[in-house]
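Contents: one structure, followed by commentary.
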Protein chains: 2
Amino acid sequence: MLSLATTPVHSATLGSQLYSPWPSDALSDFLRSAGKLVTYERDEAIYHEGDASHYLFRVQNGAVRICKFRIEGQRQIDAFYLPGDYFGFDMQQQCRFTAEATTTSTLLVADVASFLSPGLKAADFVSAVWKTALRDLHRSQDHSLLLGRNAHVRVLAFLHDIATRLKRTSTIELPMSRQDIADYLGLTIETVSRTLSDLVRDGAIDLPSSRSIAFRSPVKGVQ
Amino acid sequence: MLSLATTPVHSATLGSQLYSPWPSDALSDFLRSAGKLVTYERDEAIYHEGDASHYLFRVQNGAVRICKFRIEGQRQIDAFYLPGDYFGFDMQQQCRFTAEATTTSTLLVADVASFLSPGLKAADFVSAVWKTALRDLHRSQDHSLLLGRNAHVRVLAFLHDIATRLKRTSTIELPMSRQDIADYLGLTIETVSRTLSDLVRDGAIDLPSSRSIAFRSPVKGVQ
DNA sequence: CGTGCAGTTGAGCAAATTCAACGCTTGTGG
DNA sequence: CCACAAGCGTTGAATTTGCTCAACTGCACG
């Protein structure tokens, strides 16, 4: 059994106190030992919607999109995973999304079986797994909120989000295409392009090349 | 220590096998014994964004919206919780949203402290808590995808979602206002109203009263 | 019976999409 | 090395979708 906190604690601590506390990169350490590095080319599928889910992942470099395709052919991107992000922990029997590399990417890939192999104290990872689930939930909630805003706000918030996650404050190299951004923001590629041009015109950003964004004012979140 | 599966299992089972399996309503049983019933009137706040999060909830009847308010005053609804739904488990230090009753609602409310009180085997609930988190994540993902569709599809999918969650196939009594629906779907109240009128005209639904929806064809999900 | 609130409907408008053209870069084959 | 095609991104014009503003209806409640 797991030991229990004896003082009244916050629900916040469900993930850190309630479950045995481990250094935050225990999961990374495990994946590094149990998994192997796999490189995916741009647009290469990592798994498909409906596949049985057998693997756990960590992005080492590059970027991954998880998306769905509608009968009419349109693609909707639910999330991007960037270097340092874990994914594959939230799945049940089947993959709910298709995962693809948006650019040449290296992933650490481990079989779920190894994660649950005898002798491994799976409970030690509960805290870390909980963290990834909560992080995904919060990102998804933020994404929903963002989709209620206009194109200008969506694009700017997207850029800021990517910058924050890449730990950059002044310039970023976008690891995805305009089409990827459009499908994530629920816009068309033309609207994304026009909005970026507007942002340059307004002096919010510079666009030294189509994949690099330079912020004129320091990066901060959108209300 | 928790016992471990000795056969290779699915990541799907992280929530059911990895952690000690409990009847799915163990959480409900616990909340029933540790919590108390509280009734909230329509539009009454249950907690506010930024509050310290101290409680866990289960909707007994009525409905709850979790939402954010923008500086300009607009409200965005992230999710509705309907009878049988748990919430409050996903929170960290602070409440990320404001929770309000959309209609007179009764909730089972328990202090987090009681959940973590000495002698209670919190690990027994990990599976159930994990389930609520995954359910919230999947709903949020579906919500994001929905916001990429047009008004017609959004409204119809919303009605179908509510019907499914209320376990109804032919008619539902909406537990929220047009404004609530609009703020959830990222539309205006007028567009929701017009779309409902269109759906009646198209023969998809009947509207015996503004809060009750009768489906002409059996309820099924939207791709 | 009047007032207020929720919902509906209409007319004009604005934002984003669609359709189309064009420029730039990259890769390929002569 | 150049010519050319393909892919990606940008820009323009017309169209569509959903929004804004406004009026109006129905209903509940005093």
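Reminder, nothing fancy here: chain letters follow the sequence lines and each chain counts from 1.
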Considering just the side-chain nitrogens and oxygens of A:R42, establish if one lies under 4.0 Å of OP1 or OP2 belonging to D:dC8.
-> yes
Per the under-4.0 Å heavy-atom filter, residues of residues 195-210 of chain A near DNA chain C come out as none
Among residues 176-191 of chain B, which residues get a heavy atom nearer than 4.0 Å to DNA chain C?
-> B:S177, B:R178, B:E190
Parallel, tilted or perpendicular: ring planes of A:F87 versus A:Y81, cut at 30 and 60 degrees | parallel
Using a 4.0 Å heavy-atom cut-off across all strands, classify B:R211 as base, sugar-phosphate, or nothing.
-> sugar-phosphate
With sequence neighbours excluded, give me every salt bridge (Lys or Arg N to Asp or Glu O under 4.0 Å) pair touching residues 209-218 of chain B.
-> B:D206-B:R216
Find the distance between CG (B:L82) and CG (B:L166) and round it off to the nearest 0.5 Å.
-> 5.0 Å
Please list each protein N or O that sits under 3.5 Å from an N or O in nucleotides 25-29 of chain D, with the distance.
none

Do A:R194 and D:dG9 share a donor-acceptor pair, side chain to base, under 3.5 Å?
-> no
Quick one: sort the B:H143 and B:Y184 rings into parallel, tilted or perpendicular, breaks at 30° and 60°.
-> parallel
Flag for B:S177-B:D180: side-chain donor and acceptor within less than 3.5 Å = yes
Donor + acceptor pair across side chains of B:S197, B:R201 (<3.5 Å) | no
Salt bridge (Lys or Arg N to Asp or Glu O under 4.0 Å): pairs with one or both residues in residues 47-62 of chain B, sequence neighbours excluded | B:E49-B:K68
Set of residues satisfying ring-ring contact (aromatic ring centres under 6.0 Å, His included) with respect to B:Y40, sequence neighbours excluded | none
Which nucleotide in the set C:dG7, D:dA13, C:dA16 lies at the smallest distance from any side-chain heavy atom of A:A151?
-> C:dA16
Between atom CD1 of B:I205 and atom OG1 of B:T171, what is the distance when rounded to the nearest 0.5 Å?
-> 12.0 Å
Among B:D78, B:D43, B:T103, B:T102, the one residue meeting side-chain hydrogen bond (donor to acceptor under 3.5 Å, both in side chains) with B:R65 = B:D43
